[in-house]
2 protein chains.
Amino acid sequence: MVTIKEVAERAGVSTSTVSRALSGKIPVNDETKQKVLLAVKELNYQPNVLAQGLKDGKSRTLGLIIPNVRNLVFPAAIRGIEDMAKKHGYTVVLCNTDEDVETEKFYIDNLRRRLIDGFIFSTARPGHEHLLELKREGFPVVFLIRQMGEDVDTITVDNYKGAYDATKYMLLRGLKNIAFINGHMDIFLYQQRFEGYKKALEEAGFPFKEEMVVHEVYGWEDGYQAMTNLLKKNLKIDGVFATSDPKAIGVIRAIKDFGLKVPDDISVMGFDNSDMAPLLDPPLTTVSQPFYEMGAKACERLIKIIEAKKKPKAKVEVLPAEIVVRKSVV
Amino acid sequence: MVTIKEVAERAGVSTSTVSRALSGKIPVNDETKQKVLLAVKELNYQPNVLAQGLKDGKSRTLGLIIPNVRNLVFPAAIRGIEDMAKKHGYTVVLCNTDEDVETEKFYIDNLRRRLIDGFIFSTARPGHEHLLELKREGFPVVFLIRQMGEDVDTITVDNYKGAYDATKYMLLRGLKNIAFINGHMDIFLYQQRFEGYKKALEEAGFPFKEEMVVHEVYGWEDGYQAMTNLLKKNLKIDGVFATSDPKAIGVIRAIKDFGLKVPDDISVMGFDNSDMAPLLDPPLTTVSQPFYEMGAKACERLIKIIEAKKKPKAKVEVLPAEIVVRKSVV
DNA sequence: CTGAAAGCGCTTACAG
DNA sequence: CTGAAAGCGCTTACAG
């Protein structure tokens with residue numbers, strides 16, 4: 001790699017001048033500048049980012065910590081982050097934790113040694129209070145999708161209203177016995193979705209029934225199992241609200257395997273509007289989380305925090321969660 | 001961050017000694033070593049990776065260049081790479097190019113300035129000869145999934161045999177009119193799959209027909225369109241071999257929308273065995289590429305190249321592509 | 001406006 | 001075995 005020294009020699013100036021001509025922050029005589037720029041071009045000089053980083057303690061690198069890239073919801077978010085990072089000259093390091101706290105801590109440590117400039121986490125949940133600590137230390141942190149309190153900048157969706165609207169929509173379509181297949185209740189967004197569901201039922205005069213609700217369901221296999229169990233209980237279910245697309249996929253499969261039809265016999269509502277939703281059979285009616293935009297916003301926010309002179313006050317940004325009507329609800 | 005200087009002071013030795021005690025490569029008196037280790041522990045010292053990198057020109061970071069994370073086939077591969085990188089103390093930067101050469105070059109430049117140690121590319125195809133150049137320069141490079149010649153280390157799958165076997169399998173199941181929905185023929189693996197298809201047909205005494213083959217199809221929308229066009233031509237198709245799972249998804253959708261059944265009226269074979277394949281309706285019979293393992297192997301190979309004293313000769317590793325029988329073929 | 005010098009946090013060849 | 005010094009490639013306060 002060609003270094004600043006070689007450029008300086010070729011341009012007949014000191015390395016300081018080269019540095020200044022390139023940074024643009026400090027005035028340099030125009031003629032000198034031209035000489036430098038010429039030498040830079042001729043040698044195809046590219047400053048060494050590690051050396052720059054060592055100087056000012058920044059690496060122009062962002063850490064993205066998620067449970068698992070293979071989860072349907074992340075690729076779109078990653079893309080949003082990536083594109084925004086690129087636009088601002090940042091690079092992003094991807095880390096999968098499988099929800100494991102130790103793995104998460106390992107990555108945080110590891111990346112801090114690399115002078116990472118900030119983190120985006122999609123892993124917030126009880127047991128991960130060290131993330132709040134990181135933020136308190138003054139380290140740039142943004143939460144994406146999952147929220148934990150109000151003290152960390154967060155990009156999320158209106159999970160309560162999304163679930164409320166979805167349930168109400170199903171009710172309006174004439175469904176009367178709507179089961180609820182939910183995720184882990186220690187994750188805030190699943191609490192909110194549950195609240196939305198309950199509220200809509202209540203307002204419609206059909207208070208929710210314990211036996212129609214299953215929590216702690218994760219992924220499509222689990223969703224399949226949960227739905228199969230429900231089906232066997234003969235509860236006259238005519239609709240299911242699955243609080244994620246993967247769960248909905250398992251639910252639909254279970255209904256079909258039980259010999260019933262979606263939506264003719266049982267309607268299914270998902271949550272996520274992941275890339276797969278339109279490809280299912282029937283195409284999935286679901287609540288949309290705009291993952292790409294959310295990722296882009298989270299990244300933009302993080303960069304703003306990193307580059308701010310004084311840290312702005314944390315803000316939780318709640319985007320609307322809208323129903324995308326397709327074919328899985330009557 | 002605590003620096004090596006503080007550790008040295010606390011342990012009452014020089015920074016050189018701290019460095020040596022930690023590296024382990026150079027002998028240090030056992031007692032001294034213990035003092036150092038204690039100080040390291042007490043201060044929770046973590047060496048600054050940027051500073052280390054500046055010294056030996058390495059960053060312990062790998063660049064992964066793919067067309068798009070949102071393509072179904074990549075998440076599993078990424079996970080394999082990630083897990084292996086973590087095991088060896090490397091970090092990976094993810095870059096999406098959308099197949100654009102300029103974007104790819106931008107990332108390569110950008111990452112080289114960050115002293116990236118090596119690259120994994122899943123973007124090889126004509127027009128990307130600069131990747132071969134990179135390798136020729138002595139830069140550690142591995143190709144994943146897509147191959148381009150024999151001069152770069154590559155982890156791929158036996159695309160010819162996979163396609164041959166899949167076609168033969170369909171033939172054996174009694175199918176006689178098998179259409180072929182293919183990707184861009186400038187990508188080597190699509191050439192190979194096409195060859196495999198032709199060979200199997202030929203051997204069975206049904207030489208392939210031009211009107212049954214569509215090239216340049218990308219993604220499920222395209223697959224839908226291609227299949228719809230084929231269907232309208234009334235070619236008595238009883239089977240379709242789509243050379244990627246996304247295309248197969250579009251093909252199945254098109255067949256259903258045409259009022260026909262899969263596999264009763266038309267069988268569909270995919271290629272990839274992506275995470276979605278078992279979730280389709282019907283579950284997709286497809287040729288398996290073991291993405292996770294391929295990613296892990298590519299990463300392992302890259303690290304081996306990076307850490308080798310003298311560069312090993314490039315090797316193209318071809319893994320078997322096996323048929324995963326599910327329900328989309330009679 | 002420009003150069004020489006110091007320093008970012010490490011590692012390692014050179015002495016001892 | 002250990003320390004002082006030099007150096008990795010930059011940037012920037014200090015002089016001029």
Side-chain angles (χ1 to χ4, degrees), chain A residues 1-40 43-61 89 109-117 307, chain B residues 1-40 43-61 89 109-117 307:
Chain A
M1 292 220 89
V2 12
T3 70
I4 198 170
K5 219 169 139 189
E6 302 171 50
V7 176
E9 272 164 25
R10 179 158 200 132
V13 300
S14 71
T15 59
S16 331
T17 300
V18 174
S19 177
R20 287 193 278 252
L22 256 28
S23 86
K25 282 183 260 173
I26 293 162
V28 172
N29 174 14
D30 220 38
E31 241 177 276
T32 320
K33 194 170 192 167
Q34 293 315 319
K35 278 193 299 184
V36 171
L37 261 26
L38 181 64
V40 163
L43 297 171
N44 187 26
Y45 167 67
Q46 313 257 36
N48 178 326
V49 179
L50 254 49
Q52 290 178 322
L54 186 57
K55 250 286 152 194
D56 55 39
K58 300 230 173 296
S59 62
R60 291 229 138 203
T61 302
D109 258 28
N110 189 279
L111 293 182
R112 292 191 69 175
R113 301 207 281 139
R114 291 160 183 273
L115 303 190
I116 200 96
D117 295 335
E307 296 179 352
Chain B
M1 290 220 91
V2 11
T3 70
I4 199 171
K5 218 168 140 190
E6 301 170 52
V7 176
E9 272 165 23
R10 180 158 198 131
V13 298
S14 71
T15 58
S16 332
T17 300
V18 174
S19 177
R20 289 193 275 252
L22 256 28
S23 86
K25 281 182 261 175
I26 293 162
V28 173
N29 173 14
D30 220 39
E31 240 177 277
T32 320
K33 193 171 192 168
Q34 292 317 316
K35 277 195 300 188
V36 171
L37 262 24
L38 182 65
V40 164
L43 297 172
N44 186 27
Y45 167 69
Q46 313 257 38
N48 179 326
V49 179
L50 254 51
Q52 290 179 324
L54 187 55
K55 251 286 149 192
D56 54 40
K58 301 229 170 297
S59 63
R60 292 229 135 203
T61 301
D109 257 29
N110 189 278
L111 293 183
R112 292 190 70 172
R113 301 208 281 139
R114 293 159 183 275
L115 304 191
I116 202 93
D117 295 335
E307 297 180 352

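A, B, ... follow the sequence lines: proteins, then strands. Residue 1 opens every chain. Since the model is a prediction, treat every value here as computed from it, not as a measurement.
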Novice: Any side-chain heavy atom of A/K33 sitting closer than 4.5 Å to one from A/V36?
Specialist: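 No; the side chains remain at least 4.5 Å from each other.
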Novice: Look at all strands and tell whether B/T17 reaches a base, only sugar-phosphate, or nothing, counting heavy atoms closer than 4.0 Å.
Specialist: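 B/T17: backbone/sugar contact only, no base atoms under 4.0 Å.
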Novice: Answer with base, sugar-phosphate or nothing: what part of the nucleic acid does B/T32 contact at a heavy-atom distance below 4.0 Å?
Specialist: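 Touches sugar-phosphate only.
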Novice: Figure out the CD/P separation between A/Q46 and D/dG9, and round it to whole Å.
Specialist: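 Rounded to whole Å, this separation is 15 Å.
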Novice: D/dG16 and D/dT12: how far apart are their C1' atoms, nearest whole angstrom?
Specialist: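 Comparing C1' positions in D/dG16 and D/dT12 gives a spacing of 16 Å.
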Novice: Could you tell me the separation between the CG atom of A/L115 and the P atom of C/dC8, rounded to a whole number of Å?
Specialist: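 That distance rounds to 14 Å.
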Novice: Counting side-chain heavy atoms from CB outward, which of D/dC10, C/dT11, D/dC1 is closest to B/P27?
Specialist: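 Between D/dC10, C/dT11, D/dC1, the one nearest the side chain of B/P27 would be D/dC1.
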Novice: Tell me whether the OP1 or OP2 atom of D/dT11 has a side-chain N or O from A/Q52 closer than 4.0 Å.
Specialist: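 For D/dT11, OP1/OP2 do have a side-chain N/O of A/Q52 under 4.0 Å.
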Novice: Would you call B/T61 and B/R114 a side-chain contact if the rule is heavy atoms closer than 4.5 Å?
Specialist: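 Side chain of B/T61 against side chain of B/R114, heavy atoms only: no contact under 4.5 Å found.
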Novice: Can a donor-acceptor pair be found, under 3.5 Å and without considering hydrogens, that links the side chain of A/S59 to the backbone of A/L115?
Specialist: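 Yes: the side chain of A/S59 pairs with the backbone of A/L115.
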Novice: In whole angstrom, give the distance that lies between atom CG of A/L22 and atom P of D/dT11.
Specialist: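 To the nearest whole Å, that distance equals 8 Å.
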Novice: Within this structure, what is the CZ-to-P distance between B/R20 and D/dG3, rounded to whole angstrom?
Specialist: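 About 8 Å, once rounded to whole Å.
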Novice: Nearest to the B/K55 side chain among D/dG3, D/dC10, C/dC10, which nucleotide is it?
Specialist: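 Of the options given, the side chain of B/K55 lies nearest C/dC10.
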Novice: Could a donor-acceptor pair under 3.5 angstrom be found where the side chain of A/R113 meets the base of C/dG9?
Specialist: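 For A/R113, whose side chain was compared with the base of C/dG9, there is no donor-acceptor pair (under 3.5 Å).
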Novice: Does the structure show a Watson-Crick or G-U wobble partner for D/dA13, both distances under 3.5 Å? Name it, or say none.
Specialist: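 Its partner is none (no Watson-Crick or G-U wobble pair with both distances under 3.5 Å).
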Novice: Let's see if you can work this out: which of C/dG3, D/dC10, C/dT12 has an atom nearest to the side-chain heavy atoms of A/N48?
Specialist: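 Selected nucleotide (nearest to the side chain): D/dC10.
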Novice: Please pick, from D/dA5, C/dG9, C/dG3, the nucleotide with the shortest atom-to-atom distance to any side-chain atom of A/L54.
Specialist: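 From the listed options, C/dG9 comes nearest.
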Novice: I want to check something: taking the side chain as every heavy atom from C-beta on, are B/V18 and B/V13 in contact at a cut-off of under 4.5 Å?
Specialist: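 B/V18 vs B/V13: side chains touch.
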Novice: Could you please name the option among D/dC10, C/dT12, C/dC1 that lies closest to any side-chain atom of A/N29?
Specialist: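 In terms of side-chain proximity for A/N29, the closest of D/dC10, C/dT12, C/dC1 is C/dC1.
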Novice: Nearest whole Å is fine: how far is C/dC10 P from B/R60 CZ?
Specialist: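 Computing the B/R60:CZ to C/dC10:P distance gives 16 Å.
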Novice: Between D/dT2, C/dT12, C/dG9, which nucleotide gets closest to the side-chain atoms of B/T3?
Specialist: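 Closest nucleotide among those given: C/dG9.
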Novice: Measure from CD1 on B/I26 to C1' on D/dG3 and round the result to the nearest Å.
Specialist: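 Rounded to whole Å, this separation is 13 Å.
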Novice: I'd like to know if the side chain of A/S19 pairs up with that of A/S16 as donor and acceptor (distance under 3.5 Å, no hydrogens or angles considered).
Specialist: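 Side chains of A/S19 and A/S16: no pair found under 3.5 Å.
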Novice: Can you tell me the distance, in whole Å, between the OH atom of B/Y45 and the P atom of C/dC10?
Specialist: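 One finds 3 Å between P of C/dC10 and OH of B/Y45, rounded.
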Novice: Distance check needed: D/dG9 P versus A/K5 NZ, whole Å only.
Specialist: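 The answer, rounded to whole Å, is 8 Å.
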